[in-house]
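Atom set for the values below is all heavy atoms of this structure, side chains included, hydrogens, waters and symmetry mates excluded. Protein chains get the first letters and strands the later ones, always in sequence-line order, with residue 1 at the start of each.
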Protein chains: 2
Amino acid sequence: MQEAYKAIADPTRRRILKYLRGGERTAGDLAEQAGVGRTALSHHLMVLKLADLVRVERRGQYQVYSLNTTVFQDLLTEIIGWLGGIDDESIKEPDATEEHVTDA
Amino acid sequence: MQEAYKAIADPTRRRILKYLRGGERTAGDLAEQAGVGRTALSHHLMVLKLADLVRVERRGQYQVYSLNTTVFQDLLTEIIGWLGGIDDESIKEPDATEEHVTDA
DNA sequence: CTAATATTTCAATATACATTGAAATACTGG
DNA sequence: CCAGTATTTCAATGTATATTGAAATATTAG
């Protein structure tokens with residue numbers, strides 16, 4: 001999960017993810033659309049791959065990238081958790097014992 | 001928005017956000033719970049504040065932090081956008097013009 | 001096999017970020 | 001005002017990350 005959070009923190013990578021919403025894309029397509037050098041793009045795709053946010057498949061000369069939506073779902077679940085009341089790990093509940101945050 | 005993505009990319013900051021789900025907390029409480037030095041904590045809180053993910057209010061000697069859920073909602077909306085079909089910016093649709101990603 | 005195209009790896013560099021101790025600032029109680 | 005507590009700012013440092021050009025690898029077409 002940590003990998004996914006870091007992956008989406010970069011604007012270039014978010015742009016890549018957006019383009020991938022349009023369907024499968026080759027690395028070359030993405031480099032062109034994302035406006036980033038081929039080397040840098042390759043790096044970003046690697047990060048996205050490690051985060052399991054994209055899949056890649058070789059098709060002839062090309063590497064074809066596509067979205068893997070399952071990790072997005074997990075992200076959503078976690079962020080919703082911050083808002084609502086679905087918890088998963090040690091969270092100190094707001095008990096009545098007010099130590100010092102009473103008032104001014 | 002960019003600020004929010006970067007803010008949640010750090011595990012310590014996500015931990016802080018979790019603790020804040022339990023209600024208002026002073027900076028001291030958070031430092032203790034998050035297991036990070038006071039200086040580092042102050043830095044993280046600043047990042048969260050700039051991202052508008054938390055609010056802060058002085059109450060006597062203390063600075064009291066709390067969640068600001070509105071930005072979380074925006075985050076959710078964007079991530080849902082990546083999954084579904086709600087788009088907001090230039091996205092190349094998967095048109096029928098297959099240039100070279102035809103097949104192997 | 002060779003030439004051509006697509007993509008990744010390597011090596012170097014520059015920038016951003018997290019962490020720390022010490023000093024500065026803000027507030028409370030007496 | 002003074003001592004004490006809470007928090008932030010400052011300055012320094014180490015680590016992580018983004019970017020780049022050149023070289024290496026993979027695949028196709030002939």
Side-chain angles (χ1 to χ4, degrees), chain A residues 1-20 23-51 53-66 98-104, chain B residues 1-20 23-51 53-66 98-104:
Chain A
M1 212 67 267
Q2 170 57 24
E3 300 305 320
Y5 282 109
K6 283 209 279 201
I8 65 169
D10 184 89
T12 301
R13 285 192 291 262
R14 288 201 305 278
R15 215 165 332 123
I16 292 170
L17 291 173
K18 260 190 189 172
Y19 293 132
L20 285 175
E24 299 179 331
R25 295 284 185 270
T26 66
D29 286 341
L30 292 171
E32 201 181 322
Q33 291 182 103
V36 65
R38 284 174 277 101
T39 304
L41 184 96
S42 193
H43 160 67
H44 287 305
L45 288 174
M46 176 63 70
V47 173
L48 289 169
K49 208 162 46 180
L50 288 175
L53 286 165
V54 303
R55 298 182 207 280
V56 60
E57 178 195 346
R58 180 168 277 283
R59 199 127 71 198
Q61 292 171 275
Y62 305 95
Q63 295 273 26
V64 181
Y65 286 84
S66 57
E98 299 168 11
E99 294 150 49
H100 42 230
V101 194
T102 41
D103 196 288
Chain B
M1 212 69 261
Q2 170 58 23
E3 300 304 320
Y5 281 109
K6 282 209 280 203
I8 65 169
D10 184 87
T12 301
R13 284 192 290 264
R14 289 201 305 279
R15 214 164 335 121
I16 291 170
L17 291 172
K18 260 190 189 171
Y19 293 133
L20 285 175
E24 299 180 332
R25 295 284 185 269
T26 66
D29 285 342
L30 292 170
E32 202 181 322
Q33 290 181 102
V36 64
R38 284 173 278 104
T39 303
L41 183 96
S42 193
H43 160 68
H44 287 305
L45 288 174
M46 177 63 71
V47 173
L48 290 169
K49 208 162 44 180
L50 289 175
L53 286 165
V54 304
R55 297 182 206 281
V56 61
E57 177 195 347
R58 179 168 278 283
R59 199 125 75 196
Q61 291 172 276
Y62 305 95
Q63 296 272 25
V64 181
Y65 287 84
S66 57
E98 298 169 11
E99 293 148 52
H100 43 231
V101 193
T102 40
D103 197 285

For E57(A), look at atom CD and say whether over 12 heavy atoms of other residues, nucleotides or ligands are found less than 6.0 Å away. yes
Write down the distance between CD (Q2(B)) and P (dA16(C)), rounded to a whole number of angstrom. 12 Å
Proximity to DNA chain C (any heavy atom under 4.0 Å), residues of residues 37-49 of chain A only: R38(A), T39(A), S42(A), M46(A)
Grab the CD-P distance between Q63(A) and dT5(C) for me, whole Å please. 18 Å
Would you kindly give the NZ-to-P distance between K6(B) and dA16(D), to the nearest whole Å? 18 Å
Should Y65(B) be listed as having a side-chain N or O under 4.0 Å from OP1 or OP2 of dA6(D)? no
Those residues at least two apart in sequence (or on a different chain) that pass side-chain hydrogen bond (donor to acceptor under 3.5 Å, both in side chains) with E3(B) are none
Nearest-angstrom distance from the residue atom CZ of R25(B) to P of dA6(D): 16 Å
Check side-chain hydrogen bond (donor to acceptor under 3.5 Å, both in side chains) between Y5(A) and all other residues, then give those that pass, not counting sequence neighbours. E78(A)
Just the rounded figure in Å: distance from P of dT5(D) to CG of D29(B). 17 Å
Has the side chain of Q61(B) got a donor or acceptor atom sitting under 3.5 Å from an opposite partner on the base of dT5(D)? yes
Nearest whole Å is fine: how far is dT25(D) C1' from Y62(A) OH? 17 Å
In whole angstroms, the gap separating P of dA16(D) from CG of D10(B) amounts to 13 Å
Counting only N and O atoms by type, is there a donor-acceptor contact under 3.5 Å from the side chain of Y65(A) to the main-chain atoms of L45(A)? no
Is the phosphate of dT27(D), meaning OP1 or OP2, less than 4.0 Å from a side-chain N or O of R58(A)? yes
Around R15(A), counting heavy atoms of other residues, nucleotides and ligands shown, do more than 12 lie under 6.0 Å from its CZ? yes
Short side-chain to backbone donor-acceptor contact, Q2(B) and A9(A), under 3.5 Å: yes
When you check the phosphate oxygens OP1 and OP2 of dA18(D), does a side-chain N or O of R13(A) lie under 4.0 Å from one of them? yes
Would you kindly give the CG-to-C1' distance between L50(B) and dT8(D), to the nearest whole Å? 14 Å
For residues I8(B) and L53(B), determine if any side-chain heavy atom of one lies less than 4.5 Å from a side-chain heavy atom of the other. yes
